[in-house]
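Have a look at the structure below, then the notes.
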Amino acid sequence: MEDVFGLACKAYFDGDKNAVITVNTNLTEDEEIPCSYLFRSFDEMPEFEQYTMQLCKGKVLDIGAGVGPHAYYLQSKNIDVTALEPSELCCEIMQQRGIKNIANTTLENFNTESKFDTILLLMNGIGLAGKIDNLQKFLLKLKSLLSEKGKIYLTSADIAYMFIEEDGSMEIDLNGGYYGEMEYETSFNGNIANYDWLYLNADILFMHAEEIGLKGEVISQTEEGDYLAVLSF
């Protein structure tokens, strides 16, 4: 699969300050992500992210680190953070930005004896599970990396609102699988990547978490359905 995010971020890092990633899904069309946003400073982060930065303690694992906005900030506060990112190009950028601990791999292939006191899955990082059928396996991997008193902080959204009709009814195919499973296509300069991405209703997330011995709680949420949650033992 093409490394669309890596290619776009490298273009931005090398001087193309207008670089944008085009995103299409099976539910939306032609949204653009300015690459400048992927390099955001603490002051430019959404409130959920700013708040979560203040909650980070001990050894931190930043999953899906991208070019390292969260890892960069945490490292500046002398916090021991490891940036986990499968994109080789994004990892090269993080290295050039001075981020010390970088793991260029996927969560599935991340093998370490270390346990982490804080695990971050921001920007709907739980979406990396891809499909609801893979969620429990994904959560078990997170659990294996978590210290006894550790916390997993994640953001996601209940996208049921996208299926609401003008009369207030909901049009969801009950035979079509979980409605939060989305099919993404990202593109930059003719390079295209397709992948599955998961948005989770908090109650469904917590139900799956409880089945493997983790408890969940919503810390904060918006009227639109976005939320910040914590999972722990």
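The first residue in the sequence is number 1, and the count goes up from there.
- In Tyr12, the OH atom is crowded: over 12 heavy atoms of neighbouring residues, nucleotides or ligands sit closer than 6.0 Å.
- Within a 6.0 Å sphere centred on CD of Gln95, other residues, nucleotides and ligands contribute 12 heavy atoms or fewer.
- Remark: side-chain polar atoms of Asn26 are paired, donor with acceptor, to backbone N or O of Glu183 under 3.5 angstrom.
- Side-chain contact annotation: Thr222 with Glu224, donor-acceptor N/O pair under 3.5 Å present.
- Side-chain heavy-atom separations under 4.5 angstrom define the hydrophobic clusters, and Val20 shares its cluster with no other residue.
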Step-by-step side-chain contact (heavy atoms from CB on, under 4.5 Å) determination, Leu120 to Leu74: CA-CA 12 Å; Leu120 299 177; Leu74 293 171; 4.0 Å; yes
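- Of the possible donor and acceptor atoms, one in the side chain of Lys143 sits under 3.5 Å from a partner among the backbone N and O of Ile212.
- Contact check on Lys10 versus Glu92 returns no salt bridge, with no Lys/Arg side-chain nitrogen under 4.0 Å from an Asp/Glu carboxylate oxygen.
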Please report, to 0.1 Å, the donor-acceptor pairs under 3.5 Å made by any side chain of residues 225-233, with sequence neighbours excluded.
residue, atom, partner, partner atom, Å
Tyr227, OH, Leu200, O, 2.7

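- Residues Ile63 and Phe110 have side chains not in contact (no heavy-atom distance under 4.5 Å, counting atoms from C-beta outward).
- Side chain of Lys141 to backbone of Gln136: no donor-acceptor contact under 3.5 angstrom is found.
- A donor-acceptor contact shorter than 3.5 Å links the side chain of Gln75 to the backbone of Lys100.
- Here CG of Leu154 is found 9.0 Å from OG1 of Thr52. Values are rounded to the nearest 0.5 Å.
- At most 12 heavy atoms of other shown residues, nucleotides or ligands fall within 6.0 angstrom of atom NZ in Lys149.
- More than 12 heavy atoms of other residues, nucleotides or ligands shown are found within 6.0 angstrom of CD on Gln96.
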Derivation and outcome, side-chain contact (heavy atoms from CB on, under 4.5 Å), residues Ile119 and Leu145: CA-CA 8 Å; Ile119 296 178; Leu145 296 169; 4.0 Å; yes
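- Between Tyr199 and Ala157, the closest heavy-atom pair is CB-O, 3.4 Å.
- When all heavy atoms are compared, the tightest approach of Arg97 to Phe13 is CG-CE1, 4.1 Å.
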Worked check of side-chain contact (heavy atoms from CB on, under 4.5 Å) between Ile21 and Leu38: CA-CA 10 Å; Ile21 298 167; Leu38 304 177; 4.0 Å; yes
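- Taking OG1 from Thr105 and CD from Glu85, the interatomic distance works out to 10.5 Å, rounded to the nearest 0.5 Å.
- Within a 6.0 Å sphere centred on CD of Glu108, heavy atoms belonging to other residues, nucleotides or ligands number 12 at most.
- Taken to the nearest 0.5 Å, the NZ atom of Lys59 stands 7.0 Å off from the OG1 atom of Thr112.
- Closest approach of Asp117 and Lys57 over heavy atoms only: CB-O, 3.4 Å.
- Residues Cys56 and Ile79 come closest through the heavy atom pair O-CD1, 4.0 Å.
- Heavy atoms only, all atoms of each residue included: Cys35 and Cys9 are closest at SG-N, 4.2 Å.
- Here the straight-line distance linking atom CE of Met182 with atom CG of Leu27 works out to 4.5 Å at 0.5 Å rounding.
- Distance alone, capped at 3.5 Å, places no donor-acceptor pair between the Glu211 side chain and the His208 backbone.
- Counting heavy atoms from C-beta outward, Leu122 and Met45 have side chains that stay 4.5 Å or more apart.
- The hydrophobic clustering, which links ILVMFWY residues whose side-chain heavy atoms are closer than 4.5 Å, places Leu140 and Ile126 together.
- Criterion: ILVMFWY side-chain heavy atoms under 4.5 Å apart, direct or through other members. Under it, Ile152 and Ile204 are part of a common hydrophobic cluster.
- Taking each heavy atom of Pro46 and Arg40 in turn, the nearest pair found is CD-NE, 4.1 Å.
- Between the NZ atom in Lys131 and the CH2 atom in Trp197 there is a gap of 14.0 Å [rounded to 0.5 Å].
- Under the 4.5 Å side-chain contact rule for hydrophobic residues, Phe138 and Leu198 share a cluster.
- Remark: Asn191 pairs with Glu2, Val4, Leu7, Asn189 by the side-chain contact (heavy atoms from CB on, under 4.5 Å) rule, at least two apart or across chains.
- Checked by atom type and distance alone, the side chain of Asp62 never pairs as donor or acceptor with a backbone atom of Thr82 at under 3.5 Å.
- Ring planes of Phe42 and Tyr73: parallel class, angle under 30° (limits at 30 and 60°).
- Judged by distance alone, the side chains of Asn124 and Thr155 never bring a donor and an acceptor atom under 3.5 Å apart.
- Judged by distance alone, the side chain of Asn134 and the main-chain N or O of Ala129 form a donor-acceptor pair under 3.5 Å.
- Tyr195 and Tyr178 fall within the same hydrophobic cluster, defined by Ile, Leu, Val, Met, Phe, Trp and Tyr side-chain heavy atoms under 4.5 Å apart, directly or through other members.
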Trace of the side-chain contact (heavy atoms from CB on, under 4.5 Å) decision for Leu142 with Leu121: CA-CA 10 Å; Leu142 296 177; Leu121 287 156; 3.5 Å; yes
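- A continuous path of ILVMFWY side-chain contacts below 4.5 Å connects Phe5 to Leu128, so both sit in one hydrophobic cluster.
- Taking CG of Asp196 as the start and OH of Tyr184 as the end, the distance is 11.5 Å to the nearest 0.5 Å.
- Atom CD of Glu148 has 12 or fewer heavy atoms from other residues, nucleotides or ligands within 6.0 Å.
- Between Asp30 and Thr22 there is a side-chain heavy-atom pair separated by less than 4.5 Å.
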